[in-house]
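Below you'll find the structure, written out as structure tokens, and then a few comments.
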Amino acid sequence: MQKITITGGHKIHGEIKASGAKNAVLPILAATIVGQGESHIKHVPHLHDVTTMNQLLAQMGASLTVDHHADITICTDNLQNQTAPYETVKTMRASILALGPLVARYGRAKVSLPGGCPIGARPVDLHIKGLQAMGANINVHDGYIHASCDRLQGNRIVMEKVTVTGTENILIAATLAKGETLIENAAIEPEVVDLAKYLKAMGAEIRGEGTSKIYIQGKDQLYGTTHEVMPDRIEIGTFLVAAAITGGSVTVRNSCNDDLDAVFGKLREAGAEIHTTDNSVTLSMHNKRPQPVDIRTAPHPAFPTDMQAQFCALNAIADGTSHITETLFENRFMHVEELNRMGANIHVEGNQAVIKGVEKLSGAPVTATDLRASASLVLAGLAAEGKTDVHDIHYIDRGYEAIEEKMNQLGAKIIRN
Ligand code: UD1
């Protein structure tokens with residue numbers, strides 16, 4: 001198993017460019033299924049999860065090329081096999097995003113149930129209920145969701161909970177349904193808006209994306225098109241925390257500042273100075289120790305759960321005590337044990353972590369347990385005294401493009417071994 005070794009104590013300083021968003025490109029790749037002809041997807045991040053999605057589509061029969069900029073040209077006109085197998089879904093839950101598009105275009109789909117996941121149960125009942133409300137016949141047996149229908153019918157779908165990929169699955173499916181679909185209590189995450197932008201460029205009629213009511217007028221056909229993926233707001237947030245935790249400064253180009261209000265707010269509260277331009281953000285910490293910040297995760301535009309672990313690391317060295325409440329996933333504090341191995345003083349009770357800031361963390365061998373947990377350990381390693389080995393680092397490659405190259409470009413000392 002690969003690990004990375006971080007020699008702590010080097011300030012982050014410099015400028016980088018944000019990559020394309022993982023959580024936007026995955027639904028967009030799945031959505032290529034509903035368009036006839038070729039789509040060209042640009043600014044695609046080089047990530048394991050993207051490779052997995054590409055492999056899934058290729059296994060189904062998509063023709064797909066990736067050029068030297070990592071832009072993808074894809075045609076899904078002849079999918080002979082509408083199956084997302086267990087082996088793929090178990091490594092990447094987002095494979096569930098193939099369900100809606102397959103039923104909508106091909107009238108059938110067989111997608112493995114995701115099953116357990118390190119950060120909690122994460123059911124897909126709302127994806128299934130939404131498609132059933134649109135007329136799909138769905139049976140769950142042998143660990144698979146078997147779906148079929150002649151043509152989906154538009155309907156009013158009230159999501160019981162705000163779900164990002166659930167909204168995306170229904171949104172994509174509805175673009176080819178007969179009549180109008182209304183998704184109520186829809187997720188308003190920026191990645192849902194980016195997906196809608198791609199679908200509209202394919203000819204879909206969509207209103208209300210970015211609000212909790214999305215209206216979709218179904219079309220008989222949609223056509224492949226060109227789309228540039230939005231920047232990754234979680235990657236941007238992670239680099240800002242890297243500068244804040246080391247007392248340094250960073251400028252991130254290609255930033256989507258309007259999507260980062262909650263994160264900027266908490267960084268300012270921690271003592272960082274933040275300046276934005278139209279498409280860049282600069283954070284300066286001026287060598288200060290962070291102030292503790294209380295956080296409660298919730299759907300957009302509140303504080304994102306995907307930034308929670310990184311703020312645990314920041315609070316771990318803050319000048320005082322903070323509380324972090326995780327409201328979305330039940331088991332998303334696995335990084336805490338590892339941070340404590342580095343000298344942090346964090347105590348978890350239920351869905352809340354109480355963090356008593358310590359002056360210094362010290363390097364230690366630690367193990368990554370999921371994607372964002374691994375990011376928090378790298379951040380802690382940057383601030384710690386001595387060397388930190390982060391084991392099972394493969395998690396980080398699912399969601400961060402060239403993390404050590406980018407960090408090293410900013411003055412960090414990280415090697416993979
Ligand atoms: C997406 C993101 C993930 C992020 C999460 C929350 C992608 C590929 N992943 O995951 O990075 O952490 O949003 O912002 O975009 N739920 C149900 N039934 C369902 C679906 C969800 O009960 O059918 C629950 C989940 O267990 C969870 C909550 O709804 O408690 C929100 O989950 P959801 O928004 O669906 O997360 P994902 O779309 O899987």
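Indexing begins at 1, ligand by ligand and atom by atom, following the structure's order. For reference, positions follow the sequence shown, starting with 1.
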Flag Thr165 as yes when one of its N or O atoms lies below 3.5 Å from any N or O atom of ligand 1, and as no otherwise.
yes
Would you mind running through ligand 1 and noting each atom that sits below 4.0 Å from a heavy atom of Thr305?
6 (C), 12 (O), 14 (O)
Does a side-chain N-to-carboxylate-O contact under 4.0 Å join Lys406 and Glu235?
yes
Measure up the His141 and His146 rings against each other and bin them: parallel (under 30°), tilted (30 to 60°), perpendicular (over 60°).
parallel
Ligand 1-proximal atoms of Asp306, by part, heavy-atom distance under 4.0 Å:
side chain
Any salt bridge between Asp77 and Arg105, counting N to O under 4.0 Å?
yes
Hey, is Gln308 one of the residues with a heavy atom under 4.0 angstrom from ligand 1?
no
Of all heavy-atom pairs between Ala24 and Val229, which one has the smallest distance, and what is that distance?
CB-CG1, 4.0 Å
Give the intermediate values and the outcome of salt bridge (Lys or Arg N to Asp or Glu O under 4.0 Å) for residues Arg151 and Asp220.
CA-CA 10 Å; Arg151 185 175 179 188; Asp220 291 339; 3.1 Å; yes
For Arg93, take its heavy atoms, then give the atoms of ligand 1 lying under 4.0 Å from any of them.
39 (O)
So the atoms of ligand 1 within less than 4.0 Å of a heavy atom of Lys161 turn out to be 22 (O), 24 (C), 29 (O), 30 (O)
Would the Tyr86 and Tyr144 ring centres measure less than 6.0 Å apart?
no
Checking side-chain polar atoms at under 3.5 Å, does Arg416 have a donor or acceptor matched by the opposite partner on Gln2?
yes
Does an N or O from Gly166, backbone or side chain, lie closer than 3.5 Å to an N or O of ligand 1?
no
With heavy-atom distances below 4.0 Å as the criterion, list the atoms of ligand 1 near Val162.
31 (C), 34 (O)
Glu189 N/O under 3.5 Å from ligand 1 N/O
no
Ligand 1 atoms nearer than 4.0 angstrom to some heavy atom of Arg332 are 12 (O)
Test your reading of the structure: does Leu328 have an N or O sitting under 3.5 Å from an N or O of ligand 1?
yes
What atoms in ligand 1 come closer than 4.0 Å to a heavy atom of His127?
23 (O)
I'd like to know whether ligand 1 has Glu191 as a neighbour, heavy-atom separation below 4.0 Å.
no
Can you sort out which atoms of ligand 1 are near Leu126, meaning under 4.0 Å from one of its heavy atoms?
18 (N), 19 (C), 23 (O)
Does any N or O of ligand 1 fall below 3.5 Å from an N or O anywhere on Lys22, backbone included?
no
Quiz question: by atom type and distance under 3.5 Å, do the side chains of Gln308 and His335 form a donor-acceptor pair?
yes
Which of these, Ala298, Pro123, Ser95, Ala94, has its nearest heavy atom closest to atom 19 (C) of ligand 1?
Pro123
Using only heavy-atom distances, determine whether the side chains of Arg332 and Thr305 contain a donor-acceptor pair under 3.5 Å.
yes
Could you list which atoms of ligand 1 come closer than 4.0 Å to a heavy atom of Val124?
19 (C), 23 (O)
Residues Asp259 and Met230: closest non-hydrogen pair is OD2-CE, 3.5 Å
